[in-house]
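Note sheet for the following structure.
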Amino acid sequence: MPLPKIDLPTYDFTIPSTGKVIKVRPFTVKEEKLLLMAIESKIASDIISTVKQVINNCVQDDEVDVDKLPFFDIDYMFIFLRAKSVGETAAVNLTCNNKLENGETCGHNFVTDVDVGNVELVRFEGVSDDIKLGPASGVRMRYPNYSIMRKIEELPDIDKKTHIIVSSIDYIYDKSGMHSHKDYTTDELKEFVEGLTEENYKKLEGYVDRFPTINGKISADCPKCGFHHDVRYTEFYDFFI
Ligand SMILES: [Zn+2]
């Protein structure tokens, strides 16, 4: 006789970009192991595929396509599931940056607990996805998905911004009509973006610089010098290790 399967609990999760409430279940022990292995490997493609696979397993709603969601939805869901699965707190390493009276930095390394369940998605006001570049021309922007954003993070800094802009173009329009990103190669879109004036480039840059971001807060006192730290963090994968 096969062993019984123990039901996993489910939770309501609100998808930040759409406000839709879906059912999710926590990670299993096996999934936690897979995530740990992928994150420890530091290989971006492994992390991306494992995070996506595990999140797909945890989402109990067939209509949700993780590849269609903006990257910050996945990041936020990952933190939510991590908090429900592993625990609301995680240990992080901090280095004290207090300047001492002798001019040196304290530099003491210490471990502190972070409340992972207490993160927030910060949105900027007044960001339009319709960016006018001329009297009858412009670009309609959209948020890149998780795979694209994670891959861009592996690029050298000098290439990052333009790649994020290119990946955020939904379509370009002018008097002749709409030109969907789907019909052009990345190189063609890159050429378009790099062929813009500084002023127009800055408009596109303004959109991607104001993507919603996930923020957490750490408050901790250095055990050596007593200096109080208020740190904002945006890197969450470290919590697994
Ligand atoms: Zn210190």
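For ligands, and for the atoms within them, numbers begin at 1 and follow the listed sequence. A quick note: this is a predicted structure, and the numbers were derived from the prediction, not measured.
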Can you give the donor-acceptor pairs under 3.5 Å from side chains of residues 107-115 to other protein atoms, not counting sequence neighbours?
| residue | atom | partner | partner atom | Å |
| --- | --- | --- | --- | --- |
| N109 | OD1 | T95 | OG1 | 2.7 |
| D115 | OD1 | G117 | N | 3.1 |

- Item | salt bridge (Lys or Arg N to Asp or Glu O under 4.0 Å) contacts touching residues 45-69 (sequence neighbours left out) | K20-D61, K20-E63, K52-D67, D65-K68
Contacts under 3.5 angstrom, residues 167-177 side chains, donor-acceptor by atom type, not counting sequence neighbours:
| residue | atom | partner | partner atom | Å |
| --- | --- | --- | --- | --- |
| S167 | OG | H163 | O | 2.8 |
| S168 | OG | I164 | O | 2.7 |
| Y171 | OH | R140 | NE | 3.4 |
| Y173 | OH | D130 | OD1 | 2.6 |
| D174 | OD1 | S176 | N | 3.0 |
| D174 | OD1 | S176 | OG | 2.7 |
| D174 | OD1 | G177 | N | 3.4 |
| D174 | OD1 | H179 | NE2 | 3.2 |
| S176 | OG | H179 | NE2 | 3.4 |

- Is a side-chain donor-acceptor pair under 3.5 Å present for N97 with T105? no
- Item | Spacing of CZ belonging to R82 relative to CZ belonging to F27, to within rounding of 0.5 Å | 8.5 Å
- Proximity of F72 and F211 rings by center, below 6.0 Å: no
- Item | Polar protein atoms near the Zn ion (ligand 1) [N, O or S; cut-off under 2.8 Å] | C96 SG, C106 SG, C222 SG, C225 SG
